[in-house]
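Here the structure is laid out as structure tokens; the discussion comes afterwards.
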Amino acid sequence: MARTREFDTEAAVSRAMELFWTRGYEATSVRDLTGHLGIGQGSLYAAFGDKDGLYRAALEHYRTTLAAAALRSLEEGADARSAIRTMLVERVRIAAEDNGRGCLVVNAACERLPKDAGTRRTVRDMQDASRDALAEVLRVAAERGEIAKRHDPYTLAAFLVTFLNGLLVSAKITPDVRALEPLVEVALAALD
């Protein structure tokens, strides 16, 4: 008879996400994970297959929580410029936390690519979702006259995602929101 799982897998994935985010994939051992999660190695393997399976679950958890919240914040803004500003500054604030831990997804891209095709797909899917959500916000804003129509919304959204990726890496180097926030205003000038 199979044993019942004696730990909360959702909580374990959330805690593993934090550990991977702080240390990175390569610097996080299975021993680190089992110690941090308070589970045995057999339990980790039974629930997630291996370290890579837990890492994928952690990336997915990030996508459905923090990344999803960022996209929702775009929809809740009063106008496109302020919604995009708020989203960008909030992402920088999170990346600068804990002495500049960055963004889990950007960290994953920097650490795991080009060799890890699964991580590439996951990161690309999240980046595509961000670009598509931004493109829609920008398209509607252009129709309303909130922003200039001189740029294609899709191209402008791709620029903002690329800018954000660089900004999130910069937050690891200079974990100071006050130093990075003015850069957001420069990027937002592309909406004029």
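Side chains are part of it too, since the values below use all heavy atoms of this structure and drop only hydrogens, waters and symmetry mates.
With hydrogens and angles disregarded, a donor-acceptor distance shorter than 3.5 Å links the side chain of K51 to the backbone of Y25. Panel note: side chain R81, backbone L188; a donor-acceptor pair is recorded below 3.5 Å. When atom types are taken as modelled, the side chain of T34 and the backbone of R31 share a donor-acceptor pair closer than 3.5 angstrom. At distances below 3.5 Å, not a single donor-acceptor pair connects side-chain atoms of E26 with backbone N or O atoms of E111. Not one N or O on the side chain of S14 forms a donor-acceptor pair closer than 3.5 Å with the backbone of A11.
Across all their heavy atoms, L37 and A16 have their closest contact at CD2-N, 3.6 Å. Contact detail for V169 and C110: the closest heavy-atom pair is CG2-SG, 4.3 Å. Between A96 and D176, the shortest heavy-atom contact is CB-N, 4.3 Å. Residues R131 and A157 share a closest heavy-atom pair of O-CB, 3.3 Å. Closest of all the heavy-atom pairs between H61 and T65 is O-OG1, 2.6 Å. Annotation for W21 and L104: closest pair NE1-N, 3.2 Å, computed over non-hydrogen atoms.
Using a 4.5 Å heavy-atom cutoff, the side chains of R120 and D116 are not in contact. The closest side-chain heavy-atom distance from V186 to F163 is not below 4.5 Å. F20 is not listed as a side-chain neighbour of N107, based on a closest heavy-atom distance of 4.5 Å or more.
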> Can you check salt bridge (charged side-chain N to carboxylate O under 4.0 Å, His left out) on E18 and R15, steps first, answer last?
Replying inline: CA-CA 5 Å; E18 293 294 332; R15 294 195 61 190; over 6 Å; no

> When you look at T86 and S73, which way does the side chain to side chain contact (heavy atoms under 4.5 Å, CB included) test go after all the steps?
Replying inline: CA-CA 8 Å; T86 298; S73 75; 5.5 Å; no

>> Set out, in order, the CA-CA distance, both residues' side-chain angles and the distance that settles salt bridge (charged side-chain N to carboxylate O under 4.0 Å, His left out) for E97 and R101, then state yes or no.
In response: CA-CA 6 Å; E97 286 177 351; R101 68 180 175 167; 3.6 Å; yes

>> Apply salt bridge (charged side-chain N to carboxylate O under 4.0 Å, His left out) to residues E90 and R93 and explain how you reach the verdict.
In response: CA-CA 5 Å; E90 180 62 11; R93 186 194 62 73; 2.4 Å; yes

>> Test salt bridge (charged side-chain N to carboxylate O under 4.0 Å, His left out) on D125 and R121; report intermediate values, then the result.
In response: CA-CA 6 Å; D125 288 349; R121 277 189 303 277; over 6 Å; no

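Within a 6.0 Å sphere centred on CG of D192, other residues, nucleotides and ligands contribute more than 12 heavy atoms. Counting heavy atoms of neighbouring residues, nucleotides and ligands inside a 6.0 Å radius, atom CD of E10 does not exceed 12 of them.
Rounded to the nearest 0.5 angstrom, E146 CD and D79 CG are separated by 5.5 Å. Atom CG of L54 is separated from atom OG1 of T28 by 9.5 Å, given to the nearest 0.5 angstrom. The distance from the CG atom of L164 to the CG atom of L183 is 12.0 Å, given to the nearest 0.5 Å. Taking CZ from F159 and CG from L138, the interatomic distance works out to 11.0 Å, rounded to the nearest 0.5 Å. To the nearest 0.5 angstrom, E185 atom CD is 9.5 Å from L88 atom CG. Atoms CG and OG1, on L59 and T64 in that order, are 11.0 Å from each other to the nearest 0.5 Å.
If you check the side chains of S29 and D32, you find a donor sitting under 3.5 Å from an acceptor.
Hydrophobic clustering, with ILVMFWY side chains joined whenever heavy atoms are under 4.5 angstrom apart, keeps L168 apart from M126. L66 and V89 end up in different hydrophobic clusters when Ile, Leu, Val, Met, Phe, Trp and Tyr side chains are linked at under 4.5 Å. When hydrophobic clusters are built by joining Ile, Leu, Val, Met, Phe, Trp and Tyr residues whose side-chain heavy atoms come closer than 4.5 Å, directly or via intermediates, I147 is grouped together with L74. A single hydrophobic cluster is seen to contain both V184 and L180, as judged by linkage of ILVMFWY side chains at heavy-atom distances under 4.5 Å, directly or through other members.
Considering D132, T122, T162, V161 as possible partners of Q127, the one that fulfils the side chain to side chain contact (heavy atoms under 4.5 Å, CB included) test is V161. Of the residues V106, V105, V123, L160, the one that meets the side chain to side chain contact (heavy atoms under 4.5 Å, CB included) test with N165 is V106.
Between E60 and R63 there is a salt bridge, since a side-chain N of the basic residue sits under 4.0 Å from a carboxylate O of the acidic one.
For the salt bridge (Lys or Arg N to Asp or Glu O under 4.0 Å) condition, no pair includes a residue of residues 147-157, sequence neighbours left out.
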